[in-house]
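The structure appears below as C-alpha cells.
Ligands are counted one by one from 1 in listed order, and the atoms in each one are counted from 1 as well.
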Amino acid sequence: MTLLITGGCGFIGSNFVRYWLEHHPEDRVVVYDKLTYAGREENLAGLWDRPTLSLVRGDIADLDAVRAACRENDVRLIVNFAAETHVDQSILGPLVFTETNVRGTHVLLEVARELGLRLHHISTDEVYGHIPDGHSSVETDPLAPRSPYAASKAAADQLVQAYHITYGLPVTITRGANNVGTYQYPEKAVPLFSTNAILGEPLPVYGDGKQMRDYAHVYDHCTGIEAVLLRGGVGEVYNVGTGREMTNLEMVDIVLRTLGKDHSLVRHVADRPGHDRRYSMNVDKLRALGWEPRYDPRQAVAEAARWYAENRAWWEPIRNGEFREYYDRQYAERLAGNAAR
Ligand code: NAD
Ligand code: DAU
C-alpha cells in the first residue's frame, strides 16, 4: 500500500514516517510537504535513499497538486499531519492557519472523495478548549476551541467528520496531547526551554506557570495512530495521550534538572492571550484497541531535553537563522518587562 503522509517533514510527521518505514517495510511512503519553516528535509536524514520513501513538495491547499501526487503514486491512504501548529504564531498571524488547517484539510477530503481514498486526520486536544479540574475530555465532548490555531483545528476536525456522515468517506481522527521528542521546532515550550537553558538564556514562563499539559512522548502518538489505522473503527475519533498532566513549572523543573542548569534562569513573563489553563484527555477508547503508552510524561520531557543537549547541530542553525526574528517579536518585550504572575 502507498500512504501519502502530509507534513511528513515536521516534528510528529517525521517521527511517524521513521516509525512506519521501520515497522511496515512493505508499504511505500510519499511525504507531501510544503516545507514551511517547520518542515525540514533533514528531519528524515538517512532515510531519503530508501526506494520506499519519496518527497513531493506541495501545499495541501493546492487541489491539482494533491490530486496529481495521489494519482501518480497510486495512493490508498492519506495521513494528514500538515498544519500550521504554533498557538503563539496563530495569535501573531492567524490567516494562514485558516488557509492550511481548514482549507487544506478540505482539499484533502475532496481529493479523497474523488479518488476513493481513506483519510486519517491528526487533530489535537486543543479542540476541547480548556478543561475544568476533575474532568478529562472524552471523544463525544463538544468542541470549544479558544485560539485561532485551536479553532482552525476544530473546523478541520468537524469537516472530516462531516465527510464521513454526508458522503460515507472512510475517515478516522486522532486527537493528540502535547507531544515532546526529537526534531520538535524550538518555538514550542519544551525545545525552547531546553535550548535556552543550554545557551544560558532565560526561560520565559507565561503567567504563573501553573497551566497543565499532558507532555506525551511522540513515540506513543505514533503507536496510537498506528493502532487506529490498523484496528480503529471507520468514522471514529480517538484521544491519544498518557492521561497524566503536570504543570509547566514541573516541566521546567525536569528540563533544568536534566540539563544540570539553575532555576535562576526562569522568568515569569506576560501571559499568552486566551491561554488555556488545562488540557486533560481520557484515553480509554484507544486503550480498548490494545494500545498503551510506553513513556511517562516526566521521562518523555527528560528524554527530549537530553536530545537537544546531544543534537546542537540540528537546532543551532535554526536558532541562528529565521527563528531569531520570530523570537524577538514574541519575547523581547516580554523579557524586558517585569514579572507578570
Ligand atoms: P510541525 O509544525 O512540526 O510540522 C508541520 C508540518 O506541516 C511541516 O513539515 C510543514 O512544512 C508542513 N506544512 C505546513 N503547512 C503546509 C501546507 N499548507 N501544505 C503542506 N505541508 C504543510 O507540526 P507538528 O507539531 O509535527 O504537528 C503535526 C500535526 O499534529 C498537526 O496537525 C498538529 O496540529 C497536530 N498535533 C500536534 C501536537 C504537538 O504537540 N506538536 C499535538 C497534537 C496534535
Ligand atoms: O495540546 C496539543 C497542542 O500542543 C498542539 O495541538 C499544538 O500544535 C502544540 O503547539 C501544543 O500547544 P501548546 O500551546 O500547549 O504548546 P506550547 O509548547 O506552545 O506551550 C506549552 C505550554 O507552555 C503552554 O501552557 C504555554 C507554555 N509556554 C509556551 C511557550 C512557547 C510558556 O510558558 N512559555 C513559552 O515561551
Side-chain angles (χ1 to χ4, degrees), residues 5-17 31-41 43-44 56-62 65-66 79-91 96-97 99-101 103-105 107-108 121-128 130 145 147 149-150 152-153 156-157 174-181 183-193 196 202-216 218 221 225 239-241 247-249 251-252 266-272 275-281 327 330-331 334-335:
I5 312 272
T6 70
C9 288
F11 161 48
I12 306 174
S14 65
N15 274 282
F16 183 79
V17 167
V31 170
Y32 184 92
D33 201 303
K34 188 177 173 182
L35 300 178
T36 67
Y37 72 93
R40 315 188 77 84
E41 286 183 59
N43 291 358
L44 288 167
V56 176
R57 184 170 191 172
D59 188 333
I60 58 166
D62 181 342
V66 173
V79 185
N80 181 30
F81 292 90
E84 290 292 337
T85 60
H86 191 41
V87 173
D88 294 326
Q89 301 263 21
S90 85
I91 295 167
V96 67
F97 283 73
E99 179 62 20
T100 289
N101 300 359
R103 215 183 91 77
T105 304
V107 163
L108 297 178
H121 178 69
I122 313 300
S123 188
T124 167
D125 60 2
E126 301 210 9
V127 299
Y128 295 117
H130 74 168
S147 72
Y149 162 70
S152 68
K153 291 295 291 185
D157 188 310
T174 42
R175 296 187 182 140
N178 282 65
N179 277 206
V180 295
Y183 304 105
Q184 185 170 29
Y185 196 79
E187 65 191 351
K188 306 286 166 39
V190 169
L192 182 86
F193 292 165
N196 275 19
L203 275 51
V205 172
Y206 295 154
D208 64 7
K210 290 183 184 155
Q211 306 84 5
M212 310 278 296
R213 297 289 187 270
D214 175 354
Y215 289 106
V218 66
H221 195 175
I225 295 165
N239 292 339
V240 191
T247 65
N248 286 333
L249 288 178
M251 174 269 280
V252 165
V266 174
R267 297 277 188 291
H268 287 271
V269 300
D271 209 347
R272 170 186 282 175
H275 196 167
D276 288 335
R277 271 314 265 185
R278 176 172 178 264
Y279 300 136
S280 176
M281 289 192 297
Y327 189 85
Q330 180 65 16
Y331 296 107
R334 278 191 163 84
L335 286 167

Checklist line | Side-chain (N179) to main-chain (A177) donor-acceptor, under 3.5 angstrom | finding: yes
Check: In terms of atom number and element, which parts of ligand 2 are under 4.0 angstrom from non-hydrogen atoms of L192?
Finding: 36 (O)
Margin query: With the threshold set at under 4.0 angstrom, would you say G8 reaches ligand 1 through any of its heavy atoms?
Written below: no
Item checked: Polar atom proximity, G10 to ligand 1 (N or O, under 3.5 Å) -> yes
Check: For ligand 1, is there an atom lying under 4.0 Å from some heavy atom of A216?
Finding: no
Check: Do Y128 and R175 have a side chain donor and acceptor closer than 3.5 Å?
Finding: yes
Item checked: Nearest-contact summary for atom 20 (O) of ligand 2 - protein heavy atom, Å -> A189 CB, 3.7 Å
Note to self: For atom 19 (N) of ligand 1, what's the nearest protein heavy-atom neighbour? Residue, atom name and distance, please.
What the structure shows: I60 N, 2.9 Å
Next item on the list: Output the list of atoms in ligand 1 that are nearer than 4.0 Å to some heavy atom of S123, sorted by atom number.
Entry: 43 (C), 44 (C)
Item checked: Heavy atom of Y149, distance to ligand 1 below 4.0 Å -> yes
Check: Looking only at protein heavy atoms, which one is nearest to atom 15 (N) of ligand 1, and how far off is it?
Finding: T100 CG2, 3.6 Å
Check: When only distance counts, is M251 in polar contact with ligand 2, meaning an N/O pair under 3.5 Å?
Finding: no
Next item on the list: Of the side chain and backbone of D88, name the one, both, or neither that has a heavy atom under 4.0 Å from an atom of ligand 2.
Entry: side chain
Check: Counting only heavy atoms, which portion of N178 has something under 4.0 Å from ligand 2: side chain, backbone, both, or neither?
Finding: both
Check: Which protein heavy atom lies closest to atom 41 (N) of ligand 1, and at what distance to 0.1 Å?
Finding: I12 CD1, 3.7 Å
Check: Taking the side chain from D276 and the backbone from R278, do they hold a donor-acceptor pair closer than 3.5 Å?
Finding: no
Note to self: Among Q211, H275, E187, which one puts a heavy atom closest to atom 26 (C) of ligand 2?
What the structure shows: H275
Notebook entry, point to check: What atoms of ligand 1 come closer than 4.0 angstrom to any heavy atom of G58?
Noted result: 19 (N), 20 (C)
Next item on the list: Would you mind checking which non-hydrogen protein atom is closest to atom 21 (N) of ligand 1, with the distance to 0.1 Å?
Entry: K34 N, 3.1 Å
Item checked: Identity and separation of the nearest protein heavy atom to atom 9 (C) of ligand 2 -> T85 O, 3.9 Å
Margin query: For atom 11 (O) of ligand 1, what's the nearest protein heavy-atom neighbour? Residue, atom name and distance, please.
Written below: D33 OD1, 2.6 Å
Notebook entry, point to check: Is it the side chain (CB and beyond), the backbone, both or neither of V87 that lies under 4.0 Å from ligand 2, heavy atoms counted?
Noted result: side chain
Item checked: Numbered atoms of ligand 1 (with element) below 4.0 Å of D59, judged on heavy atoms -> 17 (C), 18 (N), 19 (N)
Item checked: Min heavy-atom dist S14 to ligand 1 below 4.0 Å -> no
Next item on the list: Using a strict 4.0 Å cut-off to heavy atoms of K188, name the atoms of ligand 2 that fall inside it.
Entry: 10 (O), 18 (O)
Check: For atom 31 (C) of ligand 2, which of Y331, F193, Y128 has the closest heavy atom?
Finding: Y331
Notebook entry, point to check: Under 3.5 Å, side chain of H268 to main-chain N/O of G207, donor-acceptor pair present?
Noted result: yes
Checklist line | Centroid-centroid under 6.0 Å between Y37 and Y185 rings | finding: yes
Next item on the list: Answer with side chain, backbone, both or neither: which part of L35 has a heavy atom less than 4.0 angstrom from an atom of ligand 1?
Entry: backbone
Check: Which atoms of ligand 1 have any heavy atom of T36 under 4.0 Å away?
Finding: 10 (C), 11 (O), 14 (C), 15 (N)
Notebook entry, point to check: For ligand 2, which part of R272 has a heavy atom less than 4.0 Å away: the side chain, the backbone, both, or neither?
Noted result: side chain
Checklist line | Within the 6.0 Å centroid threshold, strictly below: F16 and F81 | finding: yes
Check: Which atoms from ligand 2 have a heavy atom of V205 less than 4.0 Å away?
Finding: 33 (O)
Check: With a 4.0 Å heavy-atom cut-off (strictly under), which part of A177 contacts ligand 1: side chain, backbone, both or neither?
Finding: backbone
Next item on the list: Check whether any heavy atom of Y215 sits under 4.0 Å from an atom of ligand 2.
Entry: yes
Notebook entry, point to check: Who's the nearest protein heavy-atom neighbour of atom 1 (P) of ligand 1, and how far?
Noted result: T85 OG1, 3.7 Å
Next item on the list: Run the numbers for me: atoms of ligand 1, each under 4.0 Å from some heavy atom of A82, listed by number.
Entry: 7 (O), 20 (C), 21 (N), 22 (C)
Margin query: Can you see whether Y149 engages E84 through a side-chain donor-acceptor pair at a distance of less than 3.5 angstrom?
Written below: no
Item checked: Element-labelled atoms of ligand 2 that are located less than 4.0 Å from some non-hydrogen atom of Y149 -> 5 (C), 6 (O), 7 (C), 8 (O)
Item checked: Exam field: side chain R213 to backbone N178, donor-acceptor pair closer than 3.5 Å -> no
Notebook entry, point to check: Quick one: do D33 and R57 make a salt bridge, cutoff under 4.0 Å?
Noted result: no
Notebook entry, point to check: If you measure from CD on Q211 to NE2 on H130, what distance do you get to the nearest 0.5 Å?
Noted result: 11.5 Å
Item checked: Minimum heavy-atom distance S147-E126, with the two atoms named -> OG-OE1, 4.2 Å
Notebook entry, point to check: atom 33 (O) of ligand 2: which protein heavy atom is closest, and how many Å away?
Noted result: Y206 N, 2.8 Å
Notebook entry, point to check: Mind checking whether N178 has a heavy atom under 4.0 Å from ligand 1?
Noted result: yes
Next item on the list: Would you mind checking which non-hydrogen protein atom is closest to atom 31 (C) of ligand 1, with the distance to 0.1 Å?
Entry: F81 O, 3.2 Å
Item checked: Location of contacts on K153 toward ligand 1, heavy atoms closer than 4.0 Å -> side chain
Notebook entry, point to check: Among protein heavy atoms, which sits nearest to atom 13 (P) of ligand 2, and what does the distance come to when rounded to 0.1 Å?
Noted result: E126 OE2, 3.4 Å
Notebook entry, point to check: Which protein non-hydrogen atom lies closest to atom 1 (O) of ligand 2, naming both residue and atom, and how far is it?
Noted result: D125 OD1, 2.4 Å
Item checked: Winner among S90, A150, P204 once heavy atoms are compared against atom 34 (N) of ligand 2 -> P204
Checklist line | Sidechain-backbone polar pair: K153 side chain, I122 backbone, donor-acceptor under 3.5 Å | finding: yes
Checklist line | Under 4.0 Å to a heavy atom of H86 - the qualifying atoms of ligand 2, by number | finding: 19 (O)
Notebook entry, point to check: N/O to N/O below 3.5 Å, does that happen between D276 and ligand 2?
Noted result: no
Note to self: Minimum distance, heavy atoms only, to atom 5 (C) of ligand 1: which one of A83, G7, C9, G39 is it?
What the structure shows: A83
Margin query: Give me the nearest non-hydrogen protein atom to atom 3 (O) of ligand 1 as residue plus atom name, then the distance to 0.1 Å.
Written below: F11 N, 3.0 Å
Margin query: Under a 3.5 Å threshold, yes or no: a donor from one side chain and an acceptor from the other, between Y32 and D59?
Written below: no
Margin query: Can a donor-acceptor pair be found, under 3.5 Å and without considering hydrogens, that links the side chain of R334 to the backbone of D271?
Written below: yes
Check: Looking only at protein heavy atoms, which one is nearest to atom 27 (C) of ligand 2, and how far off is it?
Finding: N248 ND2, 3.5 Å
Next item on the list: Pick whichever of I122, V127, V107 has a heavy atom sitting closest to atom 35 (C) of ligand 1.
Entry: I122
Check: Counting only N and O atoms by type, is there a donor-acceptor contact under 3.5 Å from the side chain of N196 to the main-chain atoms of P202?
Finding: yes
Note to self: So if I count the atoms of ligand 1 from 1 in the order they appear, which ones are less than 4.0 Å from some heavy atom of N179?
What the structure shows: 39 (C), 40 (O)
